[in-house]
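Values reported hereafter were calculated over all heavy atoms of this structure, with side chains retained and with hydrogens, waters and symmetry mates removed. Residue numbers run from 1 in the order of the sequence given.
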Amino acid sequence: MSADIAALLQTIADEAIALTDRGAVADYIPALANVPPRQFGIAVATVDGALHRAGSADQAFSIQSISKLFALTLALQREGDDLWQRVGREPSGTPFNSLVLLERESGVPRNPFVNAGALVITDVLCHRYLQPERAVLEFVHRLLSRTSVAIDPQVARSERLHSDRNAAIAHFMRSFGNLRQEVAAILDAYCAQCAIAMSCAELARAALFLAADGVQPGAARVLQAADARRINALMLTCGAYDAAGDFAFRIGLPTKTGVGGGILAIVPGRMSICAWSPRLDATGNSIAAAAAIERFAATTGLSIFR
Ligand code: GLU
């Protein structure tokens, strides 16, 4: 199986390069618009400790919304089920940065992966930690058993300077009493957390606990098995925003995407996969990375629906 995975990743990387001219890089965060777009990487980490990679799998990129997974896990560790009083578990069917449902639903976001939900999670972390973005970063360091991962200050600053939309979402939720800290502090922490830079290889390894019933292989228990299952369920139903249904149809695995072009997918009990390529489709998901993970799942037959 190991040799097969390595060979398959190489084939996928060779094919994916042809897709890297489709779509557009996220430019609403100016620092992301400068990323050279014709890049592709993929890595697979297995629960028994193997790591396979192809293309630019060791190139760090802005993890953006994939950070919401780590922030959610940390908030769940601290708050437990109380968290679900303030954020829902339903797909939104709207873009990641939409305000549309918040008025009708009294400032309670549909799920923790749309920006509104992630801002509630950041509010929780702001209450629990003096430096919430450091708490998320240090959590990633613990998952990787090393401290080499960092926040890209330029990307954090760039997003913060252009965060009117997230500010609007946050103020709106605060008017309903669903944010407790100051909006400015929440946005500072949120933009910094989204600006964590990691490679496909690092992301695949860091997220392995979601494939291993909540235990990080070779390290400690991160979450109860039931919570790891629930996060996987949320990834399947909400991890790719309003393309989550299409992703479930095409790929059949829990995924979390980010506008930096990364996509993380979990094969429960087996492995985690991360692919990256900067150009996105209209829903904010990487075209080449989604195609690569779709191809991997189809070729290996790995799907949660088999
Ligand atoms: N930092 C980005 C934002 O809030 C994250 C969005 C994403 O990666 O989908 O707009």
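- Side chains of R165 and Y28 form no contact here, defined as non-hydrogen atoms less than 4.5 Å apart.
- No side-chain N or O of S199 forms a donor-acceptor pair with one of D58 less than 3.5 Å apart.
- Taking every heavy atom of both residues into account, V47 and G269 meet most closely at CG2-O, 3.5 Å.
- The pair R22-D281 fails the salt-bridge criterion, with no side-chain N (NZ, NE, NH1 or NH2) lying under 4.0 Å from an Asp/Glu carboxylate O.
- Contact annotation: the side chain of L72 approaches that of L83 to within less than 4.5 Å [non-hydrogen atoms, C-beta and beyond].
- Inter-residue side-chain proximity for I42 and H52 is flagged as unmet; no heavy-atom pair is nearer than 4.5 Å.
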Evaluation steps, side chain to side chain contact (heavy atoms under 4.5 Å, CB included), between R38 and T20: CA-CA 5 Å; R38 299 209 61 166; T20 58; 3.2 Å; yes
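- In this structure the side chain of V44 reaches within 4.5 angstrom of the side chain of F296, judged on heavy atoms.
- We find that R128 and E79 are joined by a salt bridge, their nearest charged nitrogen and carboxylate oxygen being less than 4.0 Å apart.
- Side chains of R160 and S163: a donor-acceptor N/O pair is present below 3.5 angstrom, by distance only.
- Side-chain contact between L125 and V136 is present, with at least one heavy-atom pair separated by less than 4.5 Å.
- Atom OG1 of T147 sits about 9.0 Å away from atom CG of L137, to the nearest 0.5 Å.
- Put simply, OG on S277 and CG on D21 are 9.5 Å apart, with the number rounded to the nearest 0.5 Å.
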Q224 vs D213, side chain to side chain contact (heavy atoms under 4.5 Å, CB included): CA-CA, chis, key distance, verdict: CA-CA 7 Å; Q224 291 307 312; D213 296 324; over 6 Å; no
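- Of all heavy-atom pairs between A192 and A156, the closest is CA-CB, 3.9 Å.
- Salt bridge annotation for R250-E294: present, with a cationic side-chain nitrogen under 4.0 angstrom from a carboxylate oxygen.
- In terms of heavy atoms, R180 sits closest to R174 at O-NH2, 3.4 Å.
- E202 has its side chain within reach of V149: a pair of non-hydrogen atoms, C-beta onward, lies under 4.5 Å apart.
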Stepwise side chain to side chain donor-acceptor pair (under 3.5 Å) check, N115 with N97: CA-CA 5 Å; N115 284 9; N97 56 1; 6.0 Å; no
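- E15 CD: more than 12 foreign heavy atoms inside a 6.0 Å radius.
- Side-chain contact check for R110 versus P91: every heavy-atom pair is 4.5 Å or farther apart.
- Annotation: Q154, atom CD; neighbour count of heavy atoms from other residues, nucleotides and ligands within 6.0 Å does not exceed 12.
- Here CD of E133 is found 7.5 Å from CG of D188. Values are rounded to the nearest 0.5 Å.
- When every heavy atom of E159 is checked against every heavy atom of C191, the shortest pair comes out as CG-SG, 3.6 Å.
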Audit row: R53, L9, side chain to side chain contact (heavy atoms under 4.5 Å, CB included) steps and yes/no: CA-CA 7 Å; R53 34 157 87 85; L9 292 190; 5.6 Å; no
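- Here D81 pairs with R230 in a salt bridge; the nearest charged N to carboxylate O distance falls below 4.0 Å.
- Side chains of V108 and V87 form no contact here, defined as non-hydrogen atoms less than 4.5 Å apart.
- Side chains of S98 and Y241: no donor on one and acceptor on the other come within 3.5 Å.
- Under the ring pair (Phe, Tyr, Trp, His ring centres under 6.0 Å) criterion, F61 pairs with W276, sequence neighbours left out.
- Cluster partners of Y190 are L99, L102, L119, V120, I169, F172, M173, F176, L179, V183, I186, L187, counting Ile, Leu, Val, Met, Phe, Trp and Tyr whose side-chain heavy atoms approach within less than 4.5 Å, directly or via other members.
- Summarising the geometry, atom CG belonging to N232 is positioned 10.5 Å from atom OG1 belonging to T237; distances are rounded to the nearest 0.5 Å.
- The two atoms that bring F247 and A290 nearest to each other are CZ-CB, 3.8 Å, heavy atoms only.
- Atom CD1 of I66 and atom CD1 of I263 lie 8.0 Å apart (nearest 0.5 Å).
- When every heavy atom of A16 is checked against every heavy atom of A288, the shortest pair comes out as O-CB, 4.1 Å.
- In this model, no donor atom of one side chain and acceptor atom of the other lie less than 3.5 Å apart for N111 and R89.
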